[in-house]
Colleague: 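This is the structure, below, for whatever I ask next.
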Amino acid sequence: MPELPEVETVRRGLAARMTGRRIVAVEQRAPALRLPFPEGFAERLAGRRVLGLRRRAKYILVDLDDGWVMLMHLGMSGRIVMTDAGDAVGGAPPAPGPHDHLILGLEDGLRVVFNDARRFGVVTLARAETLADHPLLAALGPEPLNPGFDGVLLAARLAGRRTAIKAALLDQRRIAGVGNIYASEALFRARLSPRRKAATIRGARADRLALALRAVLAEAVEAGGSSLRDYVQASGELGYFQHRFAVYDRAGAPCPRCGAGAPIRRIVQGARATFFCPRCQR
DNA sequence: CTCGTCCCCTGGGAGC
DNA sequence: TGCTCCCAGGGGACGA
């Protein structure tokens with residue numbers, strides 16, 4: 001499911017309710033997702049207070065009061081949804097769903113459920129003081145929404161790459177947080193062909209792409225992300241940025257920039273679908 | 001190193 | 001209605 005905007009939306013929703021609260025119950029209902037849960041995971045988490053929630057790339061980082069951090073990645077189909085004790089029917093908590101792999105009970109009856117049908121997600125623990133060196137985080141590229149992200153930085157990250165720019169944008173070691181939807185959308189906004197060699201994105205082209213990435217990601221965060229199949233916000237509400245896609249999943253539709261004469265095309269790059277306008281993206 | 005391909009897994013929709 | 005096939009917001013293990 002989730003790229004940077006969806007993960008950031010979930011993080012915000014969780015932070016508003018979890019920050020400062022103690023985790024009083026932990027129910028781990030699967031031995032592993034894409035990676036095994038850590039040894040003694042439920043016991044290590046129970047009783048901890050949540051200091052705050054951060055995001056790095058597509059990871060949600062939950063800072064705990066014992067110097068550990070819970071890392072959560074949603075993979076393709078993961079979702080994290082909160083419910084209140086007040087939502088329960090007859091006072092009993094709802095029965096777990098078939099893919100509810102982790103259920104946290106917090107003070108005041110807040111329940112946080114991690115659900116992931118395909119189990120491509122990850123939940124693990126890391127030490128706070130060495131967080132940046134954790135194997136899942138160490139190689140990640142810069143955050144496109146951070147203040148220093150501009151065309152110069154983007155060009156430096158793409159220098160020497162002979163692969164197509166679309167594939168390079170999906171490589172989390174180059175730039176963090178961009179996924180299949182927003183790569184196509186940003187390239188459309190920057191009027192750049194997804195097939196262009198990554199190393200040719202410098203100068204004015206890099207400026208355009210850096211701005212396009214920041215704009216589309218920020219707008220999608222504002223819209224609460226894009227709900228296609230699995231994704232919902234932590235509150236259970238849908239995102240609505242999918243109504244503003246210019247090209248993603250719009251093969252055959254007229255290009256919103258150059259009109260009915262140039263339909264959006266779908267091609268496959270690196271076994272993943274890419275959408276673009278062959279007329280106005282060069 | 002870097003690049004492309006395949007695979008992990010389940011569910012939903014299209015087509016027959 | 002029911003089957004088969006294809007596809008899906010990610011990412012990592014391979015082999016060339």
Side-chain angles (χ1 to χ4, degrees), chain A residues 1-11 29-36 55-60 71-80 97-101 114-124 134-141 144 157-187 194-199 213 216-217 219-221 223-234 238-252 266-275:
Chain A
M1 103 171 148
E3 308 183 31
L4 185 157
E6 290 74 35
V7 176
E8 176 62 18
T9 300
V10 171
R11 184 200 68 80
R29 308 188 69 254
L33 302 175
R34 183 164 64 78
L35 301 175
R55 180 188 56 76
R56 176 73 172 109
K58 301 173 190 172
Y59 291 90
I60 292 171
L71 279 66
M72 298 193 290
H73 193 291
L74 299 172
M76 288 281 269
S77 58
R79 37 169 126 185
I80 305 174
H99 303 295
D100 290 348
H101 303 305
F114 187 112
N115 176 288
D116 185 4
R118 295 174 74 181
R119 299 196 303 279
F120 290 167
V122 172
V123 177
T124 192
H134 190 278
L136 291 172
L137 307 181
L140 292 170
R157 301 302 299 173
L158 299 174
R161 307 264 342 198
R162 306 173 56 78
T163 190
I165 181 58
K166 163 64 166 20
L169 289 176
L170 297 185
D171 182 347
Q172 301 298 293
R173 297 168 300 183
R174 310 282 71 166
I175 300 116
V178 180
N180 207 40
I181 290 177
Y182 301 106
S184 282
E185 292 294 315
L187 287 166
R195 297 196 267 218
R196 173 182 281 279
K197 292 266 178 283
L213 283 164
V216 73
L217 294 170
E219 289 172 31
V221 170
S226 300
S227 287
L228 299 186
R229 281 162 288 274
D230 302 291
Y231 167 72
V232 294
Q233 302 185 36
L238 299 175
Y240 54 91
F241 191 77
Q242 65 276 13
H243 303 302
R244 289 162 58 185
F245 290 166
V247 292
Y248 184 82
D249 205 18
R250 295 179 53 80
R266 178 190 190 275
I267 61 174
V268 175
Q269 297 178 287
R272 316 209 52 194
T274 299
F275 300 88

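Side chains are part of it too, since the values below use all heavy atoms of this structure and drop only hydrogens, waters and symmetry mates.
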Colleague: Please work out if A:Tyr248 contacts a base, only the sugar-phosphate, or nothing of the nucleic acid, heavy-atom cut-off 4.0 Å.
Modeller: sugar-phosphate
Colleague: Figure out the OH/C1' separation between A:Tyr231 and C:dG10, and round it to whole Å.
Modeller: 16 Å
Colleague: What is the distance, rounded to the nearest whole Å, between atom CZ of A:Phe245 and atom P of C:dA8?
Modeller: 13 Å
Colleague: Whole-Å distance between C:dC7 C1' and A:Asp230 CG?
Modeller: 13 Å
Colleague: Which atoms form the tightest heavy-atom contact between A:Gly160 and A:Ala199, and what is the distance?
Modeller: N-CB, 3.8 Å
Colleague: Where the side chain of A:His73 is concerned, which of B:dC3, B:dC9, C:dG11 is the nearest nucleotide?
Modeller: C:dG11
Colleague: Would you mind reading off the distance between A:Asp116 atom CG and C:dG10 atom P, rounded to a whole angstrom?
Modeller: 13 Å
Colleague: Is there ring stacking between A:Phe120 and C:dG11, where the centres must be under 5.5 angstrom apart and the planes under 30 degrees?
Modeller: no
Colleague: Please examine the side chains of A:Val10 and A:Tyr231, heavy atoms only from C-beta on, and report whether any two atoms are closer than 4.5 Å.
Modeller: yes
Colleague: My understanding is that only residues two or more places apart in sequence, or in another chain, count here; which of them pass side-chain hydrogen bond (donor to acceptor under 3.5 Å, both in side chains) with A:Asp171?
Modeller: A:Arg161, A:Arg173
Colleague: Enumerate, atom names and distances included, each donor-acceptor pair closer than 3.5 Å involving a side-chain atom of residues 177-185 of chain A, sequence neighbours excluded.
Modeller:
unit_1	atom_1	unit_2	atom_2	d
A:Asn180	OD1	A:Lys166	NZ	2.8
A:Asn180	ND2	A:Ala273	O	3.1
A:Tyr182	OH	A:Glu6	OE2	2.6
A:Tyr182	OH	A:Ser226	OG	2.7
A:Ser184	OG	A:Phe275	N	3.2
A:Glu185	OE1	A:Ala246	N	2.9
A:Glu185	OE2	A:Ala246	N	3.3
A:Glu185	OE2	A:Val247	N	3.0
A:Glu185	OE2	A:Tyr248	N	2.8

Colleague: Can you check the A:Phe275 CZ to C:dC7 P distance for me, whole Å?
Modeller: 11 Å
Colleague: If I take atom CG in residue A:Leu228 and atom C1' in nucleotide C:dA8, what distance separates them, rounded to the nearest angstrom?
Modeller: 9 Å
Colleague: What's the CZ-P distance between A:Arg79 and B:dC9, to the nearest Å?
Modeller: 21 Å
Colleague: With sequence neighbours left out, what residues match A:Arg266 under side-chain hydrogen bond (donor to acceptor under 3.5 Å, both in side chains)?
Modeller: none
Colleague: For A:Glu8, check side-chain hydrogen bond (donor to acceptor under 3.5 Å, both in side chains) against everything at least two apart and list the hits.
Modeller: A:Arg11, A:Arg12, A:Arg55
Colleague: Taking the P atom in each of C:dC14 and B:dC9, what is the distance between them to the nearest angstrom?
Modeller: 15 Å
Colleague: Need one value for A:Arg266: base, sugar-phosphate or nothing, where a base atom within 4.0 Å counts as base even if backbone is also close, heavy atoms only.
Modeller: sugar-phosphate
Colleague: Listing time: all N or O pairs from protein to nucleotides 10-13 of chain B that are below 3.5 Å?
Modeller:
unit_1	atom_1	unit_2	atom_2	d
B:dT10	OP1	A:Arg119	NH1	3.4
B:dT10	OP1	A:Arg119	NH2	3.3
B:dT10	O3'	A:His99	NE2	3.3
B:dG11	OP1	A:His99	NE2	2.9

Colleague: How would you list, by chain and number, every residue that makes a side-chain contact (heavy atoms from CB on, under 4.5 Å) with A:Phe120, sequence neighbours excluded?
Modeller: A:Met76, A:Arg118
Colleague: Report yes if a side-chain nitrogen or oxygen of A:Arg34 is closer than 4.0 Å to either non-bridging phosphate oxygen (OP1 or OP2) of C:dG10; otherwise report no.
Modeller: no
Colleague: According to salt bridge (Lys or Arg N to Asp or Glu O under 4.0 Å), who are the partners of A:Arg244, at least two apart in sequence or on a separate chain?
Modeller: A:Glu219
Colleague: Side chain of A:Gln242, backbone of A:Ser227: donor and acceptor closer than 3.5 Å?
Modeller: yes
Colleague: Produce the list of close N/O pairs, under 3.5 Å, pairing protein atoms with atoms of nucleotides 4-7 of chain B; give distances to one decimal.
Modeller:
unit_1	atom_1	unit_2	atom_2	d
B:dG4	OP2	A:Thr163	OG1	3.0

Colleague: Among all residues two or more places apart in sequence or in another chain, which pass the ring pair (Phe, Tyr, Trp, His ring centres under 6.0 Å) test with A:His73?
Modeller: A:Tyr59
Colleague: For A:Ala167, which residues count as a side-chain contact (heavy atoms from CB on, under 4.5 Å) partner, sequence neighbours excluded?
Modeller: A:Thr163
Colleague: Listed by chain and number, what are the side-chain hydrogen bond (donor to acceptor under 3.5 Å, both in side chains) partners of A:Arg34, not counting sequence neighbours?
Modeller: none
Colleague: From C:dG12, C:dG10, C:dA8, pick the nucleotide closest to the side chain of A:Leu136?
Modeller: C:dG12
Colleague: Tell me, what's DNA chain B's dot-bracket, Watson-Crick or G-U with both distances under 3.5 Å, | for other-strand, [ ] crossing?
Modeller: .|||||||.|||||||
Colleague: Rounded to the nearest Å, what distance is computed from the CG atom of residue A:Asp249 to the C1' atom of nucleotide B:dA14?
Modeller: 14 Å
